[in-house]
Amino acid sequence: MIEDNLKLVKKKIADAAARAGRDGEEVTLVAVSKTKPEEDIMALYKAGHRDFGENYIQELRTKHDDLPEDIRWHMIGHLQRNKVKYIASYVYMIHSVDSLALAETIEKEAAKHDRVIPVLIEVNVAGEDTKFGVAPSEAEDLVRAISALPHVKVRGFMTSAPYVEDPEEDRIFFERLRHLSVDTAEKKIDNVTVDVLSMGMSNDYEVAVEEGSTMVRVGTAIFGERDYTK
Ligand SMILES: *Cc1c(COP(=O)(O)O)cnc(C)c1O
């Protein structure tokens, strides 16, 4: 049952946090529901869960329209500028900002709805060719540029570590993102609050929590394997 999976993941988060001398309550579990049916989301909703992550705009729109208003929808996938308008009125947080151009579009659409949209800067910590995100060396400049936009609020950083058999191999990347986060926080940039570190997926979230993650994005370990053929 997916409710049981949710409980188990929460327990593992709490244990990993405790190993690092942290409180598991500091870690938000974003249940990544992409490709999964609305019934699955509702099962967790009824169990009290509110944070859900989606990658595809059309799917997010449909689910948002169908499901309860108080769900916090996290956009975690690559976002095209011309799609921002479809989610700007309700998206809770956008984890995948990797250019000033995208942030400027978010600014424009957020202003139309008179709201401030919280965003994370996606960082390609391992420098993988296949991944989106800015290089760590470019992150601070991007944060500074976005800080000038009144309807976009930088809250921190996001990364997807390489897929590896042994999650210990990803520890170094989580550690690097944490250092980037601490360094950026120390700069005390106006209109920027660096308090979110979105890192850790099904295969590596415990290591990510040990390394300071405050938001894990877990799909498969809760909902089971995804079927992209449907
Ligand atoms: C799909 C996805 C996840 C969840 O991956 P799982 O391995 O199923 O936990 C997390 N983050 C991003 C950006 C994703 O695209």
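Counting starts at 1 for both ligands and their atoms, in listed order. Just so we're clear, the structure is a prediction, and the values are computed from it rather than from any experiment. FYI, the numbering just counts along the sequence from 1.
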For this session: Ignoring hydrogens and angles, state whether a donor on the side chain of Arg81 or Ser99 is under 3.5 Å from an acceptor on the partner side chain.
Result: no
Seminar exercise, completed: In ligand 1, the atoms that come under 4.0 Å of a heavy atom of Lys34 are 1 (C), 2 (C), 3 (C), 14 (C), 15 (O)
Seminar exercise, completed: One finds that the ligand 1 atoms under 4.0 Å from a non-hydrogen atom of Asn55 are 14 (C), 15 (O)
Exercise. Starting from atom 5 (O) of ligand 1, which protein heavy atom do you reach first, and at what distance in Å?
Worked result: Met201 CE, 3.5 Å
For this session: Determine yes or no for a side-chain-to-main-chain donor-acceptor pair under 3.5 angstrom, with Asn124 supplying the side chain and Gly133 the backbone.
Result: no
For this session: Output the list of atoms in ligand 1 that are nearer than 4.0 Å to some heavy atom of Ser202, sorted by atom number.
Result: 6 (P), 7 (O), 8 (O), 9 (O)
Exercise. Just heavy atoms, cut-off under 4.0 Å: does His95 contact ligand 1 by side chain, backbone, both, or neither?
Worked result: neither
Exercise. Is it the case that more than 12 heavy atoms not belonging to Glu165 sit under 6.0 Å from its CD atom?
Worked result: no
For this session: Please identify which atoms of ligand 1 are closer than 4.0 Å to at least one heavy atom of Arg217.
Result: 4 (C), 9 (O), 10 (C), 11 (N), 12 (C), 13 (C)
For this session: Say whether, by atom type as modelled, one donor and one acceptor occur between the side chain of Thr184 and the main chain of Glu140 under 3.5 angstrom.
Result: no
Problem set entry | salt bridge (charged side-chain N to carboxylate O under 4.0 Å, His left out) between Glu210 and Arg19, intermediate numbers included | CA-CA 7 Å; Glu210 287 172 8; Arg19 285 195 294 278; 2.7 Å; yes
Seminar exercise, completed: For Thr220, the ligand 1 atoms with a heavy-atom partner under 4.0 Å come out as 6 (P), 7 (O), 8 (O), 9 (O)
Seminar exercise, completed: Restricting to heavy atoms, the pick from Ile76, Val9, Asp204, Ile222 nearest atom 12 (C) of ligand 1 would be Ile76
Exercise. According to the interplanar angle, ranging from 0 to 90°, do the rings of Phe223 and Phe52 count as parallel (below 30°), tilted (30 to 60°) or perpendicular (above 60°)?
Worked result: tilted
Exercise. Are any of the N/O atoms in Gly219 less than 3.5 Å from those in ligand 1?
Worked result: yes
Seminar exercise, completed: The atoms of ligand 1 lying under 4.0 Å from a heavy atom of Val218, numbered in the order shown, are 9 (O)
For this session: Determine the minimum heavy-atom distance between Tyr205 and Lys12, stating which atoms define it.
Result: OH-CD, 3.2 Å
Problem set entry | Salt-bridge contact Arg171-Glu211 (side-chain N to carboxylate O under 4.0 Å) | yes
Exercise. Taking both backbone and side-chain atoms of Asn203, is any N or O found less than 3.5 Å from an N or O belonging to ligand 1?
Worked result: no
